[in-house]
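Sequence lines set the chain letters: A, B, ... in the order given, protein chains first and strands last, and positions in each chain run from 1. If you're wondering where the values come from, they're calculated on a predicted model, not measured in any experiment.
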Number of protein chains: 4
Amino acid sequence: MACSAHASNSEKKVPRMKSEERREQILEAALHVFARENYHGATTAKIAEAAGITEPVIYQHFKSKRDLFLEVLKRSRKDMIEWNTKVLAKHDDPIERYQGFTDMFKYYTTQFNRDSAMMWAVAATVNDSDIKAEIRDTDDAVLEQLTNNIRNSMEEGKISSRHAPQVLARIIHGINSHLSWLILVGESRTQDWVYEDLKRFIADVMRKD
Amino acid sequence: MACSAHASNSEKKVPRMKSEERREQILEAALHVFARENYHGATTAKIAEAAGITEPVIYQHFKSKRDLFLEVLKRSRKDMIEWNTKVLAKHDDPIERYQGFTDMFKYYTTQFNRDSAMMWAVAATVNDSDIKAEIRDTDDAVLEQLTNNIRNSMEEGKISSRHAPQVLARIIHGINSHLSWLILVGESRTQDWVYEDLKRFIADVMRKD
Amino acid sequence: MACSAHASNSEKKVPRMKSEERREQILEAALHVFARENYHGATTAKIAEAAGITEPVIYQHFKSKRDLFLEVLKRSRKDMIEWNTKVLAKHDDPIERYQGFTDMFKYYTTQFNRDSAMMWAVAATVNDSDIKAEIRDTDDAVLEQLTNNIRNSMEEGKISSRHAPQVLARIIHGINSHLSWLILVGESRTQDWVYEDLKRFIADVMRKD
Amino acid sequence: MACSAHASNSEKKVPRMKSEERREQILEAALHVFARENYHGATTAKIAEAAGITEPVIYQHFKSKRDLFLEVLKRSRKDMIEWNTKVLAKHDDPIERYQGFTDMFKYYTTQFNRDSAMMWAVAATVNDSDIKAEIRDTDDAVLEQLTNNIRNSMEEGKISSRHAPQVLARIIHGINSHLSWLILVGESRTQDWVYEDLKRFIADVMRKD
DNA sequence: GATGAATGAGCCTTCATTCAT
DNA sequence: AATGAATGAAGGCTCATTCAT
């Protein structure tokens, strides 16, 4: 959306960009359009417009609209995994950590990178096996990340072992996932207190008696 | 692909039908097509074919494709609420009841009326405010149904009051919702044991110490 | 190009036609456009315009532009074979017959169904294996028709057996084919006397000494 | 796909070249692409790739794709005329000469410069008056070359004067032309014996009784 | 001389929707 | 009540061609 800082002759319109830069910019623009308009609603024309280019440029960087979508998904996945890693490293106390996980998830899905989070709900309805595989893999990856972290906390004796780590992970991740889905459909009434409730619940369930 | 086991006077193909009956038949066919092909993938041609009629007939019963989709959603909502009511009435013991809720939810989303459940994931990406409102309302209704039931059980002193009823409801419903979303994207590896784990978890969290 | 002889209410534009009729009309229009503009030059828009319809109608009768082209080819083939059959039946005297073959070929390629003849030159450059196969098969069929006829004349002792029937057939058909190719590129200077020369040549080569 | 055996100072990839040399290289590459993919199928991208250069370079040497095609055609024409001249000079005995003409034509269209021969069938369907004029002129030139040669042989009393030289020329050239067209569409079944038959036919028709 | 980046124009095809019968 | 025929409006994608570097 921002343009040329180096190019100076401001008579023509579109600034020439290095390939890698433009590719990145298209991915960024496509992310927003896909997340807001869905796969089918996001026409190549809209994406091009959002990127400030003409349609054919898209096809110099991506084989097809589907390919572009997949690349956007992969970018979102990396983004989400990185974010989770960062968040899980933030607190020493495990209970605070998993509470923070929910807090930060809220921040991620509503503020920091809302569209990136929305992509997964959108992707789920595309009816393309590669896209579905990407979703499953990502879901698995996030779940594993969280499960391992919880298991470690248990093994270190820092949280209760009453429930299997994968159950707790599934619950935390599942609820988060569900809440982000609610955001997609515009549900905002119950949001805020829900997160606080969940944090209290997490503490309660994990605390060593 | 074949539908109605209850509808009876459909002989073989495209016979004159009473308006109400035909409408019902279109809704039934549309449900399957929408759930399997998404909103955009479900063309009016496919829906008509699935219903064994021609396209214009659709427009004698529904203003537009969008209208048809909304009606299908409303039908799914009724179906789901009724199902929940029935399930919640099944067990006297509350803990068995909420465990059964998960069990039956699994049955509903995978066997009994899978497509009806899938509609919600599909609907979430249509980017139409009326449709989104319908989703939110339905989600609210289900949540309220469950919350009230749990609150009653607490008031009757049958389950622990450690956690607020809306939190427990949100968790049970949220996980269920997430699991049905996983089904949509084809995840089936962890399904079975997950349900058992969840039931144990529910019991554990609700049991009076 | 001509419209409704039965439809009377001349207020709207496009006359409703029976499916078979319209299909035939599209084939006819497409023949002219393909023959004059080539496969790629003949856009579906031009074909639709020539048929006095809108583009989507084409797709109610043919899977694709390629499919339409193939159907036009098949129609041309039938037309050409029928024409040949008729011509070969016209004269009792074999020499007059083969001379007439050239005469009528000229008439066919320049007047009666010029575009049908042109299709083959156009088709030869489409680079599609099915289309090429159709061309080869047609060429074979015409050649066989002529070869058999010549062989019979020889066996009946009506023409000289100095040259093998397939050679004579190949020569007559080959020259005809070449001449129609010349018409395609607009060569018209030498046309007329060439046909007379050829007829004399044929007589000379076939006459029993 | 590799071309120039005569061009020598091309080291590996896209080196600076003298204008004339580069032009020649583009023409050579374009010939192959046009002959194999047709006018419309041969995109400037494919031509550039075959020439090992980028697209804009083409436009430094040729005004447009059409212009390039015309230049390729002119090159093919020179090539073909030269070849014919060489072949007609090979045999002293006229009958052997015209038989050789067919032999060498076969060699030319199938082995030595197949693509150059194919250009003419491709060109015939481009629907551009300049291109069609070029084809006609070339056809005329070849025909004249052959006619003159045959006329000389007749005047020298070496072959029968039963048929007018232009008729014999038209037949020989026409059949050759037709056979190369058959090659274009992939007909290869009857090829080999046909050439032998034709040679026998030529001898028979030209021999002085 | 050569290229990387960009685009206007247009093509084939699909789809929701209407209308005459 | 039902259908066959028709279409306006787009949508994804490609291509010849041009500029700035």
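- In this entry the distance linking CD1 of C:I53 with P of E:dT13 reads 14 Å, nearest Å.
- Residues that satisfy the side-chain contact (heavy atoms from CB on, under 4.5 Å) test with A:E28, not counting sequence neighbours, are A:H32, A:R75.
- As a whole-Å value, the separation of A:R23 CZ from E:dA5 P is 13 Å.
- Rounding to whole angstrom units, CD1 of residue A:I47 and P of F:dG11 are separated by 11 Å.
- Between F:dT14 and A:Y59, no contact under 4.0 Å exists linking OP1 or OP2 to a side-chain N or O.
- For B:E134 and B:K74, the salt-bridge test fails: no basic side-chain N is under 4.0 Å from an acidic carboxylate O.
- If you measure from atom CD1 of B:I58 to atom C1' of E:dC19, you get 17 Å, rounded to the nearest angstrom.
- Here the side chain of A:V57 is nearest to one of F:dT7, E:dA6, F:dA2, namely E:dA6.
- In secondary-structure terms, DNA chain E builds stems of at least 3 consecutive Watson-Crick or G-U pairs, each pair having both distances under 3.5 Å, at E:2-21 with F:2-21.
- In this structure, the side chain of B:D130 does not engage the main chain of B:L70 through any donor-acceptor pair within 3.5 Å.
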Give each protein N/O atom lying under 3.5 Å from an N/O atom of nucleotides 9-11 of chain E, with the pair distance.
none

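- Between the P atom of F:dA6 and the CZ atom of C:F62 lies a distance of 13 Å, rounded to the nearest Å.
- In this view, B:A45 and B:T43, B:E55 satisfy the side-chain contact (heavy atoms from CB on, under 4.5 Å) rule, not counting sequence neighbours.
- Listed pair D:R22 / E:dA2 meets the phosphate criterion, a side-chain N or O lying under 4.0 Å from OP1 or OP2.
- Residues satisfying the ring pair (Phe, Tyr, Trp, His ring centres under 6.0 Å) test with D:H61, not counting sequence neighbours, are none.
- D:E37 places its CD atom 11 Å from the P atom of F:dA16, with the value rounded to the nearest Å.
- Looking at A:E71, its side chain never comes within 3.5 Å of a backbone N or O of A:F62 through a donor-acceptor pair.
- For the pair C:K18 NZ and F:dA6 C1', the computed distance is 16 Å after rounding to whole Å.
- For C:Q60, whose side chain is taken as the heavy atoms from C-beta onward, the closest listed nucleotide among F:dA6, E:dA5, F:dT3 is F:dA6.
- A:V122 places a side-chain heavy atom less than 4.5 Å from the side chain of A:F69.
- Listed by chain and residue number, A:T44 satisfy the side-chain contact (heavy atoms from CB on, under 4.5 Å) test with A:Y59 (two or more places apart in sequence, or in another chain).
- For the pair A:E20 CD and E:dG4 P, the interatomic distance rounds to 15 Å; values are reported in whole Å.
- The pair A:K46-A:E37 meets the salt-bridge criterion, since a charged nitrogen lies less than 4.0 angstrom from a carboxylate oxygen.
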